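To start, the structure itself, in structure tokens.
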Amino acid sequence: SRAGFRIFMERCQMCHVRGKVGNAVGPELLGLNHRSTEDLLSNIVDPNMAIHPNYVACTVVTKTGDRHTGLLRDESADAVSVLMPLGSLVTVPRDRIESVTTLNRSLMPEGLDTGLLPQEIKGLIEFLQSRE
């Protein structure tokens, strides 16, 4: 639906791709027509309910106090790379890292549904379930 696409663009595209739109940080949101309305709604309302291990957030804090929260994408003896919302990749050399902490939660924030009317949430779910 048109309204669902609008909500996707406002609240989801920073971290999700649907077709050729969005940023590939979290899971792609195409081909969800097999997912139930209840399942999608619960994922939107409580993104921490069931987190795939590839999408657990982490925070890298540098010795200068910079904080980078995103998805751990690469970790070597020399550096740590974190995929951030909007798709930017931040690589921090090990000698500049104060700490790396796994957050045991999704990068997707809680409350993305805040302020949406029930029909807007319904439109978003219909958009996610559509084959287009």
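Since the model is a prediction, treat every value here as computed from it, not as a measurement. Every heavy atom of this structure was used, including side-chain atoms; hydrogens, water molecules and symmetry mates were not.
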Less than 3.5 Å apart, which donor and acceptor atoms pair up between the side chains of residues 110-117 and the rest of the protein, not counting sequence neighbours?
residue : atom : partner : partner atom : Å
E110    : OE2  : N48     : ND2          : 3.0
T114    : OG1  : G111    : O            : 2.9

Exam field: side chain H16 to backbone A24, donor-acceptor pair closer than 3.5 Å:
no
Taking only distance into account, with no hydrogens and no angle test, what donor-acceptor pairs under 3.5 Å do side-chain atoms of residues 84-107 form with protein atoms, sequence neighbours excluded?
residue : atom : partner : partner atom : Å
T91     : OG1  : S81     : OG           : 2.7
R94     : NE   : S76     : O            : 2.9
R94     : NH2  : E75     : OE2          : 3.1
R94     : NH2  : S76     : O            : 3.1
S106    : OG   : M108    : N            : 2.9

With salt bridge (charged side-chain N to carboxylate O under 4.0 Å, His left out) as the rule and sequence neighbours excluded, what pairs involving residues 114-126 come up?
R6-E120, K122-E126
Shared hydrophobic cluster, Y55 / L72 (ILVMFWY, side-chain heavy atoms < 4.5 Å)
no
Between S42 and M49 the two heavy atoms that sit nearest each other are OG-CE, 3.3 Å
What's the verdict on side-chain contact (heavy atoms from CB on, under 4.5 Å) for V17 and L29, showing C-alpha distance, side-chain angles and the deciding distance?
CA-CA 6 Å; V17 170; L29 298 181; over 6 Å; no
Between F5 and I121, is there shared hydrophobic-cluster membership here, with clusters defined by ILVMFWY side-chain heavy atoms closer than 4.5 Å?
yes
Beyond-backbone contact of L71 with V25, side-chain heavy atoms, under 4.5 angstrom:
yes
Examine R18 relative to F127 and say whether NZ or CZ is less than 6.0 Å from the centre of the six-membered ring and inside a 45° cone about the ring axis.
yes
Rounding to 0.5 Å, atoms CG (D74) and CG (L83) come to a distance of 11.5 Å
Taking the side chain as everything from C-beta on, heavy atoms only, tell me whether V82 gets closer than 4.5 Å to C58.
yes
Where N43 and R35 come nearest, the two heavy atoms and their spacing
OD1-NH2, 2.8 Å
Same cluster for V45 and L128 if Ile/Leu/Val/Met/Phe/Trp/Tyr side chains link at under 4.5 Å?
yes
Group every Ile, Leu, Val, Met, Phe, Trp and Tyr by side-chain heavy-atom contacts under 4.5 Å, then state whether I51 and L41 land in the same group.
no
Check whether any side-chain heavy atom of C15 sits under 4.5 Å from a side-chain heavy atom of N23, and report yes or no.
no
Is there a path from I44 to F8 through hydrophobic residues (I, L, V, M, F, W, Y) whose side chains come within less than 4.5 Å of each other?
yes
Please report the closest heavy-atom contact between T59 and R67, naming both atoms and the distance.
CG2-NH2, 3.8 Å
